[in-house]
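Below is one structure; the comments refer to it alone.
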Amino acid sequence: GRGGIYDPRETRHVVAINLGILEAIGITTTRPEFPIEQVESPVARRALEEGGRYALLNPGGGWPNKQWPPERFGALASALGGRLGLRSIVLWGPGEQQLAADAVAASSGAAIAAEQTTVADVVALARHATIMVSGDTGPLHIAAAAGTTLDDLRDLNGELKTRVTPRGYAEYPLGVLAGSGTALAS
């Protein structure tokens, strides 16, 4: 191809590059699809019953460099509530409950911490979310596969990594959505 996956001249999405491996051995590929069936989730059902539209926020991540400070998630939740009327539900995984609590505490009452969730709960919550904001982590990719509008936080330094960004990435930067890019993204 074009010099390898890490070559700066490479412009194809990483999924297309990986599918190219199959084509090299004679297997024809099409546009990738991620069929995920509807799942029943008491957690998602309660979220919907408690108040309609919501943003799904995920401050956790496997690596610290993939995390945004929980206080910024709290400020984002406050802005989403004030400007767009969206309440925010903050996800957390193993060892991340304090991150979620810190984000909720910084939200001026605009966010709640999710109950403990399973993968099926994350799928169901993501299907009903207006938007999900997360670092590059598992729940973000689940939401992408579920068709949720996404804003991943890899563009905060002005370097959107479009070759690895999940499909469904929001057409607007986080700061525009929240209405105050300088205050929230800096």
Side-chain angles (χ1 to χ4, degrees), residues 1-45 47 54-69 72-73 76 89-96 99-100 114 116-177 181 185:
R2 296 183 178 103
I5 193 166
Y6 298 108
D7 189 302
R9 296 171 295 174
E10 178 58 75
T11 59
R12 294 174 295 164
H13 191 278
V14 68
V15 171
I17 294 168
N18 289 332
L19 288 173
I21 295 169
L22 295 175
E23 291 174 357
I25 60 171
I27 299 173
T28 304
T29 61
T30 61
R31 186 173 196 268
E33 293 181 26
F34 303 97
I36 297 178
E37 294 181 19
Q38 293 283 15
V39 292
E40 181 60 30
S41 164
V43 174
R45 186 174 50 258
Y54 59 87
L56 200 55
L57 309 181
N58 183 47
W63 302 335
N65 64 327
K66 292 189 174 197
Q67 294 177 357
W68 204 37
R72 291 189 184 166
F73 274 102
L76 174 63
I89 299 174
V90 182
L91 293 175
W92 54 276
E96 298 173 344
L99 282 173
Q116 186 171 3
T117 57
T118 64
V119 171
D121 293 325
V122 173
V123 169
L125 284 165
R127 279 197 192 277
H128 298 290
T130 300
I131 188 167
M132 179 172 186
V133 181
S134 177
D136 176 20
T137 188
L140 177 81
H141 295 280
I142 291 170
T148 309
T149 299
L150 308 172
D151 197 331
D152 78 357
L153 299 173
R154 288 180 280 188
D155 68 335
L156 291 177
N157 295 324
E159 299 178 24
L160 177 59
K161 308 294 189 218
T162 55
R163 291 188 320 119
V164 294
T165 298
R167 305 294 189 209
Y169 180 80
E171 294 292 326
Y172 37 80
L174 179 65
V176 172
L177 173 69

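Everything numeric in this text was worked out from a predicted model, so none of it was measured.
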Where do Gly60 and Thr137 come nearest, in terms of heavy atoms and distance? O-CG2, 3.9 Å
Taking side chain as C-beta onward, heavy atoms only, is Val122 less than 4.5 Å from Asn58? no
For the residue pair Leu56 and Ala129, what are the closest heavy atoms and their distance? CB-CB, 4.0 Å
Mark yes or no for whether Glu96, through its side chain, and Gly61, through its backbone, hold a donor-acceptor pair below 3.5 Å. yes
Kindly compute the distance separating OG (Ser41) from NE2 (His128), expressed to the nearest 0.5 Å. 8.0 Å
Can you tell me how far the CG atom of Asp121 sits from the CZ atom of Arg45, to the nearest 0.5 Å? 10.0 Å
Side-chain donor or acceptor of Thr148 paired with backbone N/O of Ala126 under 3.5 Å: yes
Between CD1 of Ile27 and CD1 of Ile21, what distance do you get to the nearest 0.5 Å? 11.0 Å
Interatomic spacing from CD in Glu23 to OG1 in Thr29 - rounded to 0.5 Å: 3.5 Å
If we only count heavy atoms from C-beta on, is the Leu99 to Phe73 side-chain gap below 4.5 Å? no
Any sub-3.5 Å donor-acceptor pair from Trp92's side-chain atoms to Ala114's backbone N or O? yes
